[in-house]
Amino acid sequence: MKVFIKGLNGCGMRKTTIQKYCNFLNANGHILVDNPKNSDVILLWTCAFRRDFRDNSISEIKRYQKEFKSELIVAGCLPDIDRGLLSEYFSGRIVNWRDDETKMEEYFGITDKRMSEITFNLGEKRLCHDVAKFKKENPNKDASFVDQFTKLFVAEGCRFKCTYCAERLAFPPYKSFPESELVKECRRLVNETGQLEVMLLGDSVGDYGHDIDSSLPNLIRKLKTINPDLKIALQGLNPAHFIKFYDDMVEFLREGDIRHMQLPIQSASERILKLMQRPYTRADIEKIFTLLNNTDFTEFDTHLIVGFPGETDEDYEETIQFVLHIHPKYVLVSGFMESPAMPAYKLPDKVDSETKYKRLRDAEARIKAAGIICNIDDSELSATRFHTLNLV
């Protein structure tokens, strides 16, 4: 069977899962093709972690059904995040992430290896040194900040229960990849490329090791034995984990071991953080970013959600003032996206669309005026990203 696989994922982590699908299909005698016109089956990995990616997935599902005669199978996050919306536009076969091993074997058969026997590709070489230059020279290729690093995929899944996070509807149980295999893969990539800036990726990197008697600081120290000049970047580090490993993080920063950190705060309002069930306080994030500012560590970014139910003008202003004070390199500002299956959907005092849009635009203008890179829903940056993601 000829299979075309396409990922609409905004996150680098899902590359591991999509590559596992490719490896499974290859191992069982199927042929992967690079053009959907030449395929018998199109396997489309959808993304729905926020509204614009969800809507893009729906748009692409409609386009693939219209333009190509091959059978379309929808995989990824959307089937579990919003099955009702998906069913309005698609009635075919689905590979939802939590049941992917069963569904992949059922749909494509087993002639050699089961899905459970297929290993993840734990590492990936750096794509480019300068992502802005790369995108200018390669306008039809998708690239983001993380592609400037050697990537190490350390875990999948998330243990937190944030009231707004639709992603956890799709995540499989949390799984840390073996420490020894990660060190082996990192050593291979360093030896092959000589590149010493390594980004650790996971849906919740700070939970690494809880299920295998290890921890994120332990992994970082093991990786540092490969080469003392190795620099670590952390993507998606929950502030709660920074606080949990505070002394370790102070040491890593003092020793110059950390190259970059992504620390999504979502809000700086104590009241909104509680409604979100974020596992840290306003005092915690003040402690973290005061440390970063006082140590002149500037290589960090954050994420915000505006228009969360109950967010007042005062809550919003408190968050923006906090961000302007800590001055990250980059801020992603997303408007709150309701998902009927999430607790936040039932919260009172919903913020209307007009107010939410106004806050998004206001945040973008003020953050950019402070010299900080800012991306929001429906921005030019997002539009460009979707254009390259959607190219066949």
Side-chain angles (χ1 to χ4, degrees), residues 4-11 13-14 17-18 21 36 41-68 70-100 102-104 107 156-158 161-172 203 266 276 303 305-309 332-348 350-357 360 375-379 382-383 385-387 389-390 392:
F4 173 78
I5 297 184
K6 176 65 177 179
L8 302 174
N9 47 300
C11 59
M13 267 302 299
R14 300 292 76 80
T17 308
I18 294 170
Y21 289 3
V41 172
I42 298 170
L43 186 60
L44 191 66
W45 180 279
T46 57
C47 180
F49 86 103
R50 70 182 203 192
R51 180 182 57 80
D52 50 355
F53 276 86
R54 180 201 65 187
D55 292 349
N56 181 67
S57 291
I58 291 294
S59 176
E60 286 298 283
I61 288 169
K62 293 162 66 177
R63 182 173 74 88
Y64 272 79
Q65 291 181 113
K66 181 180 180 180
E67 292 186 11
F68 305 108
S70 313
E71 180 192 4
L72 179 65
I73 297 177
V74 170
C77 301
L78 181 58
D80 282 322
I81 289 177
D82 202 332
R83 182 68 66 91
L85 178 65
L86 175 61
S87 65
E88 293 180 22
Y89 303 97
F90 182 74
S91 60
R93 294 196 290 180
I94 289 171
V95 177
N96 59 309
W97 191 6
R98 291 186 175 187
D99 300 320
D100 62 355
T102 300
K103 295 290 181 64
M104 288 292 289
Y107 295 166
E156 68 174 7
C158 182
K161 296 182 179 181
C162 304
T163 59
Y164 61 84
C165 182
E167 289 179 274
R168 68 185 178 92
L169 297 172
F171 285 146
D203 303 299
Q266 310 304 3
M276 289 179 169
H303 294 179
I305 294 174
V306 301
F308 191 81
L332 173 64
V333 187
S334 300
F336 171 67
M337 183 188 78
E338 288 192 328
S339 178
M342 299 309 300
Y345 181 78
K346 300 177 181 179
L347 290 174
K350 300 291 178 64
V351 177
D352 63 85
S353 298
E354 183 180 350
T355 300
K356 193 185 305 181
Y357 182 78
L360 280 170
N375 188 18
I376 67 169
D377 301 350
D378 304 323
S379 69
S382 292
R385 184 85 195 277
F386 288 132
H387 170 73
L389 276 175
N390 295 343
V392 175

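- Annotation for Asp80 and Ala170: closest pair CB-CA, 3.9 Å, computed over non-hydrogen atoms.
- When all heavy atoms are compared, the tightest approach of Phe336 to Ala344 is CZ-CB, 3.9 Å.
- Going from atom CZ of Arg54 over to atom CG of Asp82 covers 6.0 Å, rounded to the nearest 0.5 Å.
- Looking only at distances, no side-chain donor or acceptor of Glu71 sits under 3.5 Å from a matching main-chain atom of Arg93.
- Under 3.5 Å, the side chains of Thr355 and Asp352 contain a donor-acceptor pair of N or O atoms.
- Side chains of Thr17 and Asp100 form a contact here, defined as non-hydrogen atoms less than 4.5 Å apart.
- A distance-only check finds no donor-acceptor pair linking the side chain of Ser334 to the backbone of His303 [under 3.5 Å].
- Looking at Ile94 and Arg83, their side chains come closer than 4.5 Å, going by heavy atoms from C-beta outward.
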Go through the steps to decide whether Leu43 and Met104 satisfy the test side-chain contact (heavy atoms from CB on, under 4.5 Å), and finish with yes or no. CA-CA 10 Å; Leu43 186 60; Met104 288 292 289; 4.1 Å; yes
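- A pairwise comparison of heavy atoms in Met342 and Cys162 identifies CE-O, 3.8 Å as the closest pair.
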Should Ile61 and Leu78 be marked as a side-chain contact (heavy atoms from CB on, under 4.5 Å) after you check the CA-CA gap, both sets of side-chain angles, and the distance that decides it? CA-CA 11 Å; Ile61 288 169; Leu78 181 58; 4.0 Å; yes
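- Closest approach of Ser70 to Pro36, counting heavy atoms only: OG-O, 3.2 Å.
- Once rounded to the nearest 0.5 Å, the distance linking SG of Cys165 with CD1 of Ile81 reads 7.5 Å.
- To the nearest 0.5 angstrom, Ile305 atom CD1 is 11.0 Å from Leu360 atom CG.
- With Phe308 as the fixed residue, the side-chain contact (heavy atoms from CB on, under 4.5 Å) test singles out one of Met276, Lys356, Gln266: Met276.
- To the nearest 0.5 Å, the span separating OH on Tyr345 from OG1 on Thr163 amounts to 14.5 Å.
- By the 4.5 Å heavy-atom criterion applied to side chains, Tyr21 and Trp45 are counted as neighbours.
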Could you check Tyr64 against Leu44 for side-chain contact (heavy atoms from CB on, under 4.5 Å), going step by step and ending with a plain yes or no? CA-CA 9 Å; Tyr64 272 79; Leu44 191 66; 4.1 Å; yes
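- With hydrogens and angles ignored, the 3.5 Å screen pairs no side-chain donor or acceptor of Arg168 with any backbone N or O of Cys158.
- Not a single donor-acceptor pair under 3.5 Å links the side chain of Ser59 to the backbone N or O of Asp55.
- For Tyr107, the OH atom counts as densely surrounded, since its 6.0 Å shell holds more than 12 non-hydrogen atoms of other residues, nucleotides or ligands.
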side-chain contact (heavy atoms from CB on, under 4.5 Å) between Arg14 and Trp97, worked out: CA-CA 11 Å; Arg14 300 292 76 80; Trp97 191 6; 3.2 Å; yes
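- For the pair Leu8 and Cys47, the tightest heavy-atom approach, listed with the atom from each and the gap, is O-CB, 3.3 Å.
- Judged by distance alone, the side chain of Arg98 and the main-chain N or O of Leu169 form a donor-acceptor pair under 3.5 Å.
- Remark: Lys62 is not positioned above the aromatic ring of Phe90, lacking an NZ or CZ atom under 6.0 angstrom from the ring centre and at most 45 degrees off the axis.
- Side-chain atoms of Phe49 and Cys77, non-hydrogen and from C-beta on, never get closer than 4.5 Å to each other.
- Within 6.0 Å of CD in Glu354 there are 12 or fewer heavy atoms belonging to other residues, nucleotides or ligands.
- Asp203 and Gly157 make their closest contact through OD2-N, 2.8 Å (heavy atoms, listed as atom of the first residue, atom of the second, distance).
- Judged by distance alone, the side chain of Lys350 and the main-chain N or O of Gly307 form no donor-acceptor pair under 3.5 Å.
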